[in-house]
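These notes are about the structure you will find just below.
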Amino acid sequence: MMPPETAETLTDVMKSIPDDANDGEQADPLFDGLTEPQTTAVQHVDGALLVLAGPGSGKTTVVTRRVAHLVQQGIPPWQILALTFTNKAAGEMAERIRTLLDERGIGGRGLTVSTFHSFCARLLRRYAEQANLSQNYTIFDGGDQRDAVKRALEQCQMSTKNWQPASVLSHISNAKNKLLDAAAYTAEASDFYSRSIAKIFNAYENILRESDAMDFDDLLLRVASLLRHNEDVRSELQQRFQYLLIDEYQDTNHAQFIIAHTLASGHGNICVVGDPDQSIYGWRGADITNILDFEDHYPDASILSLGQNFRSTGHILAAADALIRNNRKRKLRTLHTELGDGEKPALLIARDEHHEADLITTELQKLNTNEDIAWKDMAVVYRMNALSRVLEQAFRDAAIPYVIARGTAFYDRKEIKDALGYLRLIVNPRDELSLRRVVNSPTRGIGKTSFEKLELYAINEQVSILEAMEHASDIEGLSARAANAMQRFVKMILELRGACVPNDAGMFTGNVQITLPELVGQVIRDSGLEAEFKKKKTEEDEQRVANLNELVSAATEFCERVRDDDDPRDSSADPGVSLLNELARYLETVALVSDSDAIDPEKGAVTLLTLHAAKGLEFEAVALAGLEEGLLPHMRSIGSDEELEEERRLCFVGITRAKRHLLLTRAMQRTMRGMRERQIESQFVRELPSESVNTLDLSGGHDDFGGDDWDQPWRRRGGGRSGSNSLGVAGSASTRAGHADVSGISIGAMVRHPTFGIGHVEAITRRPAGSSARVRFNSVGTKTLILEYAKLEVVE
DNA sequence: CTGGTCATTTTTTTT
DNA sequence: AAATGACCAG
């Protein structure tokens with residue numbers, strides 16, 4: 001990497017501001033109302049820049065103005081690449097930059113603002129040949145990945161009992177994020193556990209290759225390796241993207257790090273923005289050292305810290321600050337606000353989750369009536385989606401408008417998945433997962449046994465399953481009925497594909513080139529999906545038909561949007577190829593939608609969302625529900641300091657979403673997956689400064705477990721202290737029966753954990769509130785586990 | 001082959 | 001509570 005000509009250290013920048021500042025620029029509204037470090041960031045043009053942007057520090061303003069400034073300086077927009085993590089963030093950033101440029105009468109055409117994943121997906125289509133890929137590959141979403149792992153396990157003759165798909169998948173994902181492919185992982189695998197994972201990994205990769213499919217991680221991995229191995233592509237992209245901007249840099253993983261730094265390696269013009277205190281994606285491979293070590297990667301980098309918070313009032317910020325100070329692995333930093341003390345956050349203690357939801361709706365109702373705060377300026381945040389159900393009910397009962405941020409919800413519906421399955425199969429006839437999904441849905445007489453015969457034939461004859469279906473009448477032992485159904489099925493798929501791609505004579509099915517929404521409509525009709533749901537008259541089925549129609553509308557919308565902001569560089573000449581391309585691109589955007597994409601500030605409704613989805617957003621009033629041990633921090637993180645600190649950051653993110661009103665809630669007991677459990681106050685609550693939080697115990701002081709006395713001799717009855725740390729602390733759900741098996745675990749014992757596998761017990765701490773054990777696992781190292789939660793099995 | 005019932009299992013966050 | 005999987009009668 002070449003040090004930029006105008007190398008600036010932090011002190012140089014600081015010194016240079018007064019006299020170096022261009023007078024004309026200072027007059028530009030682009031610099032209006034900015035603090036000194038903000039101005040410096042906006043002015044920065046060449047070289048590396050790290051912006052440490054605390055919550056509410058005006059990060060988006062700085063970033064968008066900086067890009068506008070670059071263009072104003074005469075840098076062609078198409079040389080600028082801005083990468084974000086969600087479509088929502090990308091869309092917002094693009095929109096705000098466009099507005100700034102429009103105001104100045106500058107064109108912004110060709111500017112790339114995209115998520116990492118969709119940027120990579122596009123590159124892989126454009127450079128499919130160089131990447132040794134087909135152009136019409138399928139992107140496997142989370143569900144597809146799970147199915148693929150299950151099939152891989154089947155092929156390896158391993159049981160999903162001992163090898164949980166989710167756990168296997170996270171190992172594979174972690175490997176890919178470190179740029180290890182199946183071969184590299186296998187080479188590194190030495191112990192039994194990782195060798196087993198390697199075996200599944202290889203089978204999984206085979207399935208993906210045969211299906212012409214890629215998972216989310218592949219998108220990054222393949223681009224990283226394309227950049228590494230193909231010099232032409234690398235230099236072409238380095239040439240094109242002269243200025244890089246990466247948002248939420250604390251959440252980048254190693255693959256993303258490599259992609260960004262390869263692109264920047266020629267010119268070194270890389271600006272990264274982030275906040276280590278808001279790093280909440282460690283579990284999916286985000287590497288916080290990327291941001292912490294940025295100075296090491298770019299010794300000449302300028303570093304700016306945006307510490308002033310323009311969002312929250314004093315007590316809210318004080319609570320957030322006090323909380324995050326408990327993280328030990330952290331650069332000390334102080335947050336300050338000039339918005340005054342404001343209102344103190346309130347902590348309400350509820351009896352159970354229903355009571356908690358009622359308290360929240362009541363409080364929000366008050367804010368709406370008394371303070372005139374609009375519904376859309378309020379949010380309820382929580383650790384797990386499972387908590388949204390009860391809240392939703394309470395909002396319905398209270399007649400308060402609400403929206404749940406679940407961008408994927410629509411595409412998770414059965415009928416939509418089916419319709420998309422057909423579409424995927426049209427684009428990519430090798431997509432076996434989709435084929436399996438739709439081949440008998442709606443039912444057309446191709447059941448399990450017939451399909452197995454078909455598969456066998458396909459393997460023996462070395463043809464794809466779809467090809468085998470064409471020859472169904474040749475398959476021995478297949479009923480004529482099934483063979484017939486198969487041939488009809490394959491004919492339908494080929495005809496639909498023929499509507500997208502001209503045949504040898506240059507003709508389309510039906511002789512006319514149709515549009516994407518027309519194709520979607522045809523799929524819904526030809527597949528029999530529509531008829532399937534139209535014949536029954538239940539409300540549910542009517543809804544399904546409506547959803548299918550909605551899918552046609554979504555396709556229409558997609559086409560309109562693409563036409564608007566299409567980069568002329570990407571357009572393909574052949575109109576026949578382009579419907580297929582368009583479909584492929586549509587399926588790509590569908591695969592990459594995220595929950596936060598669904599957040600629509602225009603809707604006059606309270607937003608319900610997870611803490612993860614809340615990052616980057618702000619609301620006048622925020623309720624943070626479920627401040628209980630096991631929930632926040634989540635059960636699975638207790639026992640690992642690193643994960644516990646990430647949970648604390650998550651709580652920090654939640655608190656700092658609030659501008660003026662913050663409501664914290666917890667319940668004394670909560671029903672989860674059908675079991676009522678007594679809940680303990682979150683340790684994070686104790687870390688909040690009492691002078692900044694008003695605690696109010698509304699649980700009624702009693703702690704009854706449904707009138708049932710149980711056998712809890714330690715429990716004090718009646719007259720419990722109000723406020724925090726009351727009865728709940730002693731009354732953990734721990735010593736209940738059912739966890740009795742703990743006795744067999746002793747130091748030195750060999751145990752099996754559902755996720756971590758086999759390990760040896762190194763130490764045991766026995767406590768009435770819950771005993772814990774330190775276990776050294778063969779695969780993942782040492783973990784401290786709470787015995788009552790960890791389903792440890794003694795292995796003889 | 002289909003469509004029902006019954007039993008078992010599940011414990012997070014997401015591109 | 002809900003979702004998956006196994007099993008069985010038509």
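Quantities reported herein were computed from a predicted structural model and do not represent experimental measurements. Just so it is clear: chains get the letters A, B, ... in the order the sequence lines come, proteins before strands, and each one is counted from 1.
Between the side-chain ring of A:Phe116 and the base of B:dT15, no stacking contact exists by the 5.5 Å and 30° definition.
Among the nucleotides B:dT11, B:dT2, B:dT13, the one closest to the side chain of A:Trp283 is B:dT13. The side chain of A:Lys150 lies closest to C:dT4, out of B:dT14, B:dT12, C:dT4. Here the side chain of A:Thr86 is nearest to one of B:dT14, B:dT11, B:dT15, namely B:dT15. Of the candidates B:dT11, B:dT12, B:dT9, the closest approach to any side-chain atom of A:Met384 belongs to B:dT12. In this structure, of B:dT11, B:dT13, B:dT15, it is B:dT15 that holds the atom nearest to the side chain of A:His117.
Residue whose closest nucleotide on DNA chain B sits further toward the 5' end, between A:Gly142 and A:Ile446: A:Ile446. Taking the nucleotide of DNA chain B with the nearest heavy atom to each of A:Glu646 and A:Gly447, the more 5' of the two is matched to A:Gly447.
Taking all atoms of both residues into account, the shortest heavy-atom contact from A:Met93 to A:Ala82 is SD-CB, 4.0 Å. In plain terms, the two heavy atoms of A:Ile655 and A:Ala320 that are nearest each other are CG2-CB, 3.8 Å.
Within the nucleic acid shown, A:Lys615 has no heavy atom closer than 4.0 Å to any nucleic acid atom. A:Asn87 comes within contact range of no nucleotide atom at all, as no heavy-atom separation falls under 4.0 Å. Counting non-hydrogen atoms under 4.0 angstrom, A:Asp217 reaches nothing in the nucleic acid. Counting non-hydrogen atoms under 4.0 angstrom, A:Arg389 reaches the backbone sugars and phosphates but no base. Counting non-hydrogen atoms under 4.0 angstrom, A:Ser450 reaches the backbone sugars and phosphates but no base.
A centroid separation of less than 6.0 Å is found between the aromatic rings of A:Tyr281 and A:His612.
Rounded to an integer number of Å, the gap from A:Asn174 CG to B:dT15 C1' is 14 Å. Taking atom OH of A:Tyr382 as the reference point, atom P of B:dT11 lies 18 Å away to the nearest angstrom. Rounded to whole angstrom, the span from the CG atom of A:Asp144 across to the P atom of B:dT15 amounts to 15 Å. Look at CE on A:Met672: it is 11 Å from C1' on C:dA1, rounded to the nearest Å. Per the geometry, CZ belonging to A:Arg284 stands 6 Å off P belonging to B:dT15, to the nearest Å. Separating the CG atom of A:Leu220 from the C1' atom of B:dT14 is a distance of 13 Å, rounded to the nearest angstrom. Atom P of nucleotide B:dT15 and atom NZ of A:Lys176 are separated by 18 Å, given to the nearest angstrom. Computed from coordinates, the A:Arg676 CZ to B:dT11 P distance equals 23 Å when rounded to whole Å.
Judged purely by atom type and a 3.5 angstrom limit, A:Glu646 uses its side chain to pair as donor or acceptor with the backbone of A:Gly282. No donor-acceptor pair under 3.5 Å is formed between the side chain of A:Asp597 and the backbone N or O of A:Val593. Although no hydrogens or angles enter the test, the distance criterion places a donor-acceptor pair under 3.5 Å between the side chain of A:Arg444 and the main chain of A:Ser527. Side chain of A:Ser211 to backbone of A:Ile207: a donor-acceptor contact under 3.5 angstrom is found.
Taking atom P in both B:dT13 and C:dT4, one finds a spacing of 15 Å when rounded to whole Å.
Of the side-chain N and O atoms in A:Thr449, one or more sit less than 4.0 angstrom from OP1 or OP2 of B:dC1. Under 4.0 angstrom from either OP1 or OP2 of B:dT14 there lies at least one side-chain N or O belonging to A:Asn385. Dashed line: the shortest gap from a side-chain N or O of A:Gln164 to OP1 or OP2 of B:dT10 is under 4.0 Å. Residue A:Ser594 places at least one side-chain N or O under 4.0 Å from the OP1 or OP2 atom of B:dT15. In terms of phosphate contacts, A:Asn440 brings a side-chain nitrogen or oxygen within less than 4.0 Å of OP1 or OP2 of B:dT2.
On a pure distance criterion of 3.5 Å, no polar donor-acceptor pair joins the side chain of A:Arg673 and the base of B:dT10.
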